[in-house]
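First comes the structure, then the notes that go with it.
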Amino acid sequence: MTFVVQKCAKNLHNLVGPSISCALILDFSQSCSRAFSSCLSSPLESSHVIRSGYTHHEQQFEDSEGLSGLDILIARVPIGVSDNEVLQSLLHDQACNSIQLSSELVNKLLHKFKDDWKSALGAFRWAGSRSSYKHTPEAYDMLVDILGRMKQMDKMKALLEEMNQYHLVTLNTVAKVMRRFAGAGKWEDAVRTFDELGTFGLEKNTESMNLLLDTLCKENKVQQAREIFLELKSHISPDAYTFNIFIHGWCKNNFGKVYELLDEMQAQGCPPNVVTFTTILCSMAKSEEFEEAWHLVDRMKLAGCKPDTLFYNSLIYTLGRAGYVQEAVHIFEVEMPRTGANPNTSTYNSVIGIFCHHGQEQVALNVLNDMEESGPL
DNA sequence: TTGGCACGCA
């Protein structure tokens, strides 16, 4: 929701100037808030709502008891001390120890401290020490992610071992651990984690292999991913996901390899699908390789691959960037309805952006009106 | 488990 509001705010600002757009933005974002009020239950979205100034929604959808408990806890966590000091401080705090804990409250607490691993870990240990409370697997996963993001790799590994003792490690946990290792420049540790999957009671199969390969490719270790894949492929068969992960990886630095892989996919009986083509098209548009992009679109048509909304979004964006306004509009107004691909928020935003960029403010406003009346909200 | 969005900030 916040994205829609911000984007529309920007578009409106461009269209009608700051003073008028403020009123429109307020009105529009409030209608968005109402439309999305039923979705406002996660901590992330709630905090966005507060920042936007719509505190009444927050209060409406929070458990009032939970909120006050959360407020007390946050206020009682000392700043700038070790995780153990946080734990000790909370243990000796009467107000905290009379709070009724719930998994929702603990999740919100961890979310609040997502950028402060000492507070997160201290508060997590305190909650876990309460006799009537047992941590959920989700809370463990959140803490794993926080520690990894803050580059506390040893603490993250220790927590993983602790989870393993309680049989709480899932593929989701391992995925977070591998991503955080790779993000910290320790891709070998990510591979090691995959190798040790069996010790967590998990299987090395196509799904878990894809997770590892995706992690490596997203960290620009495509060549390493490729070598690992060549070793694994005799035991684990690849699928369309596997190939598209590599397509994405090579798209960031090597179109030659992308074309090689397209041929390989065909040869291996795993032909390129709409995800494959969308990935490549996006990448070509970003590097302004428009001629290549049109060839790719032709290739997709020849392959009989059915376009979907995300593909059209990418195509509209590409046409817009190449200056083909009429062609982009044609896709939006004719091709998408014809093929039954429903426009989503991004589709509208792209079209509005193209008109704004070409000085056609009134047309952009008309599209915005359509969006409010019959759009994807 | 594959294709995502936008913003502001440093």
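Just so it is clear, the structure is predicted and the values come from calculations on it, not from any experiment. In the text below, chain A, chain B and the rest are named by the order of the sequence lines, each starting its count at 1. Just so it is clear, the values below take in all heavy atoms, side chains as well, and ignore hydrogens, waters and symmetry mates.
- Residue A/Leu310 is in base contact, counting any heavy-atom pair closer than 4.0 Å across all strands shown.
- Look at CG on A/Asn313: it is 11 Å from P on B/dG4, rounded to the nearest Å.
- Using a 4.0 Å cut-off between charged nitrogen and carboxylate oxygen, A/Lys176 and A/Glu138 do not count as a salt-bridge pair.
- Distance A/Tyr317 OH to B/dG4 C1': 13 Å, rounded to the nearest Å.
- Across the protein-nucleic acid pair, A/Leu261 atom CG and B/dT2 atom P stand 17 Å apart, rounded to whole Å.
- In terms of phosphate contacts, A/Lys218 brings a side-chain nitrogen or oxygen within less than 4.0 Å of OP1 or OP2 of B/dG3.
- Between A/Tyr348 and A/Phe332, the distance separating the two ring centers is shorter than 6.0 angstrom.
- Taking the six-membered ring where the residue is Trp, the centroids of A/Phe246 and A/Phe229 are separated by under 6.0 Å.
- Rounded to a whole Å, the CG atom of A/Asn210 is 11 Å from the P atom of B/dT1.
- In this structure, A/Tyr241 packs face-to-face on the six-membered ring of B/dT1, meeting both the 5.5 Å centre cutoff and the 30° plane limit.
- In this structure, NZ of A/Lys252 is placed 13 Å from C1' of B/dT2, rounded to the nearest angstrom.
- Per the geometry, CG belonging to A/Asp239 stands 15 Å off C1' belonging to B/dG3, to the nearest Å.
- Atom CG in A/Asn349 sits about 12 Å away from atom C1' in B/dC7, given to the nearest Å.
- A donor N or O paired with an acceptor N or O is found under 3.5 Å between the base of B/dG3 and the side-chain atoms of A/Asp308.
- Rounded to an integer number of Å, the gap from CZ of A/Phe311 to P of B/dG3 is 16 Å.
- Among residues two or more places apart in sequence or in another chain, the side chain to side chain donor-acceptor pair (under 3.5 Å) test is passed with A/Thr278 by none.
- For A/Thr279 against B/dG3, a side-chain-to-base donor-acceptor contact under 3.5 Å is absent.
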